[in-house]
Amino acid sequence: MTDTELPYNIHDANSVVEYAFELIGKTLREAANVDEIADPKRRKGSLGNAIEYYYFHMDPNSRSAPDFEEVGIELKVTPRKLTKKGERVAKERLVISMINYMDVVNEEFETSSLMHKADDMLLIFYLYDKDKDPLDYDIEIVARWGIPDEDLPIIKKDWETVVNKVRAGLAHELSGSDTLYLEACTKSSNSSVRREQPFSDIPAKPRAWAFKASYMTNVAAGLDEGMQSIERKQGEEEASLFDLVRERFAPYFGQTEQELAETFGYAREGKRPPKNLCALITKKILGVTEDAKIAEFEKAGIQTKTLRLQKNGRPKEAVSFPYFDYCELVETPFEESDLHEQLSTRFMFVLFRESEEEPGVYRLADIAFWQMPDADLEEAQACYEEMQRRVRDGHAEDSVKSSENRCCHVRPHGRNAQDTNMTPYGVPVIKKCFWLNQAYLKDEIEKITQNRS
DNA sequence: GCATGATCATGC
DNA sequence: GCATGATCATGC
């Protein structure tokens, strides 16, 4: 199968991840329409190899790391099992890569070969069941994962403990019990194999970097927890996410912000409703508790934004994104930029419309799912690259105006005028971000709502 | 009424 | 204390 025939775009990380998400809640038999794992060689490593071959259509003969080389993502398929108490735990450690004793002593943790791999992984957890054919294992979690910041100090320490032992000529004395999360686990086809080490003549067992099973148990629990799915009632099993969400919202169409605040218990004596009202009621309406994330939105990478449409259909405000770093902007091509990533994901707009009779009063009117068309992504790219030029030329203060680009513009986005960021030419300039133009949003919203019956 | 600079409010 | 979604303020 050539690149263009693949059911996902191998050059687009979002596409790879979105395609992978479709595995959640399924078995490989269901997801890839496979009857049996034909090649007995592929039975070993069972599900992981089969997913690569039958679902991602990777050629097992031309395997090179990382698995999704084009986007730098490493695929890891790993089992959980049920304990006697019925709790899910990692069945085994997650092996990342072999340790080369001769090279590792010259590495730094931050730029190590381990970090290169463990930095950006596509983790797939399935539920192991000794009585099942691997094709029928339940695939429970799919997540793009990197070592979380809060775990980095311990993992770095673990890495250094191992590497320092090799530097001391003690590779033959390495043990999994030396470390907490990350370990150097033995890995070889038979127990007599030995490798050379740089600072001792004693041959050492081959070992690989691996996250311990206990650590993986917690990683999986963390990915599971804090996520709630939208409950589907009878007859809704097959509904699209959009239909499901709109169905839930529909009873509240027509309510003002104040009324919604009261309906959901967010009204505050003598004060405006909270600014994050939209986020709060979205969760309430979809039946997800306040502290949880909406699983479907997280998995599909949907960003929720409020749009207050004035009587003329124009949003009262433009839509902002996080501020950008001037130095990063200059160095990063559009395809690899945060802006590209943000504009490549789907949005759910919660639409409020200004009441005809009561100026300034906005009522919940509709929801709309939107993704920027490719042609407009090119327009956004022009905005991005023009801003890059200006910063390179020493004019970061000179924003790309909304009059200069059909889709996007640049504007300040700090806490105040003193909230600045360093430019490549050494002068601090107020923090700025990219915004979606109001006129552009008006057109896009009209396209969506007019296409509806 | 719009463009753009500036700031608020909340959550982590 | 900062990042971020949301909103305000000013001038043309």
Quick test: give all pairs of protein nitrogen or oxygen and nucleotides 9-12 of chain C nitrogen or oxygen below 3.5 Å, distance rounded to 0.1 Å.
none

Taking [atom1] from [X] and [atom2] from [N], how many angstroms apart are they, rounded to a whole number?
X: A:Lys316; N: C:dG5; atom1: NZ; atom2: P; result: 19 Å
X: A:Phe321; N: C:dA6; atom1: CZ; atom2: C1'; result: 14 Å
X: A:Lys431; N: B:dG5; atom1: NZ; atom2: C1'; result: 16 Å
X: A:Asn276; N: B:dC8; atom1: CG; atom2: P; result: 18 Å
X: A:Arg415; N: C:dG1; atom1: CZ; atom2: P; result: 10 Å
X: A:Phe434; N: C:dT4; atom1: CZ; atom2: C1'; result: 17 Å
X: A:Gln303; N: C:dG5; atom1: CD; atom2: P; result: 7 Å
X: A:Lys305; N: C:dG5; atom1: NZ; atom2: P; result: 4 Å

Inspect the contact between [Y] and [X] and indicate whether a charged nitrogen and a carboxylate oxygen are less than 4.0 angstrom apart.
X: A:Arg406; Y: A:Asp376; answer: yes
X: A:Arg389; Y: A:Glu385; answer: no
X: A:Lys316; Y: A:Glu354; answer: no
X: A:Lys157; Y: A:Glu160; answer: no
X: A:Glu110; Y: A:Lys156; answer: yes
X: A:Glu236; Y: A:Arg248; answer: yes

Counting side-chain heavy atoms from CB outward, which of [options] is closest to [X]?
X: A:Pro412; options: B:dA3, C:dT7, B:dG5; value: B:dG5
X: A:Arg411; options: B:dA3, B:dG5, C:dA6; value: B:dG5
X: A:Arg314; options: B:dA3, C:dG5, C:dC8; value: B:dA3

Inset, instruction - Would you please confirm or rule out a distance under 4.0 Å between OP1 or OP2 of B:dC2 and any side-chain N or O of A:Asn312? - result: yes
Legend entry - N or O in side chain of A:Tyr323 less than 4.0 angstrom from C:dT4 OP1/OP2: no
Inset, instruction - May I ask you to check whether A:Phe264 and A:Tyr252 place their ring centres under 6.0 Å from each other? - result: yes
Inset, instruction - Tell me whether the centres of the aromatic rings in A:Tyr19 and A:Tyr8 are closer together than 6.0 Å. - result: yes
Inset, instruction - Starting from the 5' end of DNA chain B, give me the residue, A:Ala439 or A:Glu290, whose nearest nucleotide shows up first. - result: A:Ala439
Legend entry - First of A:His409 and A:Leu280 reached from the 5' end of DNA chain B, by closest nucleotide: A:His409
Inset, instruction - With a 4.0 Å heavy-atom cut-off, tell me which residues in residues 396-407 of chain A come close to DNA chain B, sorted by residue number. - result: A:Lys401, A:Ser402, A:Ser403
Inset, instruction - Please tell me which of A:Trp435 and A:Asp419 maps to the more 5' nucleotide of DNA chain C, matching each residue to the nucleotide holding its nearest heavy atom. - result: A:Asp419
Legend entry - Distance-only side-chain donor-acceptor flag, A:His395 / A:Glu397, under 3.5 Å: yes
Inset, instruction - Quick one: closest heavy-atom pair of A:Tyr128 and A:Pro79, and the distance? - result: CB-CB, 4.0 Å
